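Per chain, numbering begins at 1; letters A, B, ... match sequence-line order. Every value quoted in this text rests on a predicted model; they were computed, and no experiment measured them.
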Amino acid sequence: MEIRLFNTLTLTKDGFVPVEGSKVRLYVCGPTVYDFIHIGNARVFVLFDAFRRFLEEVGFQVIFVQNFTDIDDKIIRRAQELGVSPKEVAERYIEEYWRDAEALGIKRATVHPRATEHIPEMIALIAKLEEKGFTYSVEGDILFDVSRFPEYGKLSKKKLDELQEGARVEVRYEKRNPADFVLWKGAKPGEPFWESPWGKGRPGWHIECSAMAMKYLGETLDIHAGGIDLVFPHHENEIAQSEAATGKPFVRYFLHNGYVTINAEKMSKSLGNIITVRELLKQYNPKAIRLALFGTHYRNPINIDVELLEASSQFLERMKNFLRNFAFIRKKVAENPSRKVESESDVLGEVVRFQQLFLEALADDFNTPQALGVFGEFMRFGNRYLLPSRGKWSEEVLAAMDAFLGIVERVLGIIPWAELGAEDREVQALVEEREKARKEKNFALADALRERIRALGYVVEDTPLGARFFRHEGREG
RNA sequence: GGCGGCAUAGCCAAGCGGCUAAGGCAGAGGAUUGCAAAUCCUUCAUUCCCCGGUUCGAGUCCGGGUGCCGCCUCCA
């Protein structure tokens, strides 16, 4: 299967071929740990985690690196506000990140390097740049001289002279070029610092990603991903400093996801509309949140609002019902050999086709909305096949459906098996009692029993194959 | 000022020149059911912001217009 990815470097959808066989070197810019992550951060992490899982599903070995920026201005500011050390702030919010990530079903990367644990690597990289003449120093800071890197702007399609005109940066000091950026910041009183050939100081923001990416993934990455707002200057600067140092292409495919808005407004502190993952999880099932995120193509902007979350929650409910149908029939077939049919190649073919279409959609620039569309059709098809009135089923088909569900779960993590709820002996007895009452046409008793079952948190459904029941979880799951 | 993106049904959202414009949510009607729940079926854009053009053929390409958004400054 050919995988095609929209590459920000070329602005076209290119066929994806890793540098080395089936090995994929993937880097995603992780969070700056000064606060809880918000839904905008979550979009990046959920999306590219799923993308990584997709690559693995189709046979790639992915080395996935996602960093923690654990030293920077925002962390220092936060530490001052809280009256603790920057390190404490970082440690705390790394812990909070793990909690949110786990709750959202985001798997851990192969490596989660921290900036503060890679200062020597950054210093070495800066030294190399200095050696090659790409740096200059002003007032204790070491700056990268973009004019020495002719390809500067190739990612963001910006030209240096245009940048000059648009730039309205608070100038702390005179840079040679407004686009020049800090590699090493001289320490100010009260700030954390590390020793370096240029004196006490700390790394600039951009250098950490280059240093850590190259340490774990080598000098040329297959894929580098992040939010579209990182295109300039962050990723542009990463390219400049990395390629200036190595003389090799830093990244082959740059992937960028679109913005998240809340109720059609940009998230910002001043609007006070930042939604943290922590908050969202109080109201919505994590799988519903994932579904909402996957419902829009990653490159397009997505607007988060109640309508979207409600629609996703509804879709999740439908998935649960499908799983109930599936599990119920599977159980009935396993219990009773007379319900088996040998093979149904036409039905099997359909299931296989859905699976192929699903994977092909994802192979085409990770088109999750399309894939979800295929899955919706699969559920309708499946429910039709699983109608109790059918009477007989093929175990082969049921196994194929299960296999497909496995793929969807491994890649997108949206199959709510766990939410289905365990069976309960007490309820089982009540359900059987009610069955008996129904056979005797004692509907008053049957309805009373249903109420008792409901009081225990379960809903009973009558089917031609007998009653079944499940834990009732309410609208939000 | 420079650069980039988007405009598809009530809402969300695929569509990458060629069968009847995916899918979801919401809505309507029906089947099924002792009742219910779930499910299934049918229905829901003669049309893809507007105007030109290219083409045998365009939502899809080109030009122009209108509207919205983002970046150029910390930001996922």
Sugar-phosphate only, base, or nothing, as touched by A:D447 at under 4.0 Å among non-hydrogen atoms: base
Under the side-chain hydrogen bond (donor to acceptor under 3.5 Å, both in side chains) test, residues paired with A:K154 that sit two or more places apart: A:E243
Sugar-phosphate, base or nothing in reach of A:V231, heavy atoms under 4.0 Å: nothing
Nucleotide paired to B:G10 in any strand shown, Watson-Crick or G-U, under 3.5 Å: B:C25
Axial cation check for A:F64 ring with A:R52, 6.0 Å and 45° limits: no
Given RNA chain B, 5'-ward residue of the pair A:A446 and A:H297, judged by closest heavy atom: A:H297
Nearest heavy atoms of A:G105 and A:R53, plus distance in Å: O-NH1, 3.0 Å
A:D73/A:K185 ion pair, N-O < 4.0 Å: yes
d(CD1, A:I228; C1', B:C72) in whole Å: 13 Å
Atom pair distance, as rounded to whole Å: CD in A:Q314 and P in B:C12: 18 Å
is_close_aromatic(A:H224, A:Y253), centroid dist under 6.0 Å: no
RNA chain B contacts made by residues 365-375 of chain A, counting heavy atoms under 4.0 Å: A:N367, A:P369, A:Q370, A:L372, A:G373
Nearest-Å distance once atom P is located in both B:G59 and B:C41: 29 Å
Opposite nucleotide pairing with B:C48, Watson-Crick or G-U, both atom distances under 3.5 Å: none
B:C40: pairing nucleotide in any strand, Watson-Crick or G-U under 3.5 angstrom: B:G30
Under-4.0 Å side-chain N/O to phosphate OP1/OP2 contact, A:R318 with B:G24: yes
Polar side-chain contact A:R450-B:C35 base: donor and acceptor under 3.5 Å: yes
Pair A:R278 + A:D100, salt bridge at N-O below 4.0 Å: yes
Spacing between A:L293 atom CG and B:A14 atom P, to the nearest angstrom: 13 Å
Candidate nucleotides B:U39, B:C72, B:A38, ranked by approach to the side chain of A:R468 - the nearest: B:A38
Sole residue of A:F354, A:F378, A:F381, A:F322 in ring pair (Phe, Tyr, Trp, His ring centres under 6.0 Å) with A:F404: A:F378
Atom P, compared across B:U32 and B:A45: separation rounded to whole Å: 27 Å
Touch class at under 4.0 angstrom, heavy-atom based, for A:E377 against every strand present: sugar-phosphate
Sugar-phosphate only, base, or nothing, as touched by A:R78 at under 4.0 Å among non-hydrogen atoms: nothing
Sugar-phosphate, base or nothing in reach of A:G30, heavy atoms under 4.0 Å: nothing
Sugar-phosphate, base or nothing in reach of A:F443, heavy atoms under 4.0 Å: base
First encountered from the 5' end of RNA chain B, between A:D72 and A:L11: A:L11
Complementary nucleotide of B:A58, counting Watson-Crick and G-U pairs under 3.5 Å: none
Within residues 31-40 of chain A, residues whose heavy atoms come under 4.0 Å of RNA chain B: A:H38, A:G40
Sugar-phosphate only, base, or nothing, as touched by A:R380 at under 4.0 Å among non-hydrogen atoms: sugar-phosphate
Sugar-phosphate, base or nothing in reach of A:R384, heavy atoms under 4.0 Å: sugar-phosphate
Residue A:R434, side-chain atoms from C-beta onward, closest of B:A14, B:G70, B:G34: B:G34
Spacing between A:H224 atom NE2 and B:A76 atom P, to the nearest angstrom: 13 Å
B:C74 - base-pair partner by Watson-Crick or wobble geometry, distances under 3.5 Å: none
Contacts of type ring-ring contact (aromatic ring centres under 6.0 Å, His included), residue A:F6, not counting sequence neighbours: none
Span that lies between the P atom of B:U46 and that of B:C35, in whole angstrom: 39 Å
B:C35 base / A:D462 side chain donor-acceptor hit below 3.5 Å: yes
Interatomic distance, A:N237 CG vs B:C72 P [rounded to whole Å]: 12 Å
Distance in angstrom units between A:F328 CZ and B:U39 P, rounded: 15 Å
Distance, rounded to the nearest Å, where A:H235 contributes NE2 and B:C75 contributes P: 10 Å
A:D141/A:K175 ion pair, N-O < 4.0 Å: no
Nucleotide nearest A:N321 (side chain, heavy atoms from C-beta), chosen from B:A76, B:G24, B:U39: B:U39
Atom P, compared across B:C75 and B:A38: separation rounded to whole Å: 48 Å
d(NZ, A:K157; P, B:C71) in whole Å: 19 Å
Phosphate OP1/OP2 of B:C40 contacted by A:N383 side-chain N/O (<4.0 Å): yes
Between B:A14 and B:A9 - P atom distance, rounded Å: 13 Å
Same-atom distance (P) from B:C61 to B:U8, integer angstrom: 15 Å
Qualifying residues under side-chain contact (heavy atoms from CB on, under 4.5 Å), relative to A:D72, sequence neighbours excluded: A:T32, A:T69, A:K74, A:I75
C1'-based separation of B:A21 from B:G15 [nearest Å]: 8 Å
Partners passing side-chain hydrogen bond (donor to acceptor under 3.5 Å, both in side chains) against A:E461 (at least two apart in sequence or in another chain): A:R468
Among A:F36, A:F45, A:F68, ring pair (Phe, Tyr, Trp, His ring centres under 6.0 Å) partner for A:W98: A:F68
Separation between the P atoms of B:A13 and B:G70, rounded to whole Å: 16 Å
Check: A:V65 and A:M212 side chains under 4.5 Å, non-hydrogen atoms: no
A:R324 side chain near B:A38 phosphate (N/O to OP1/OP2, under 4.0 Å): no
Per A:K74 side chain, nearest of listed nucleotides B:C72, B:G34, B:C74: B:C74
Residue-phosphate contact under 4.0 Å: A:K441 side-chain N/O, B:C35 OP1/OP2: no
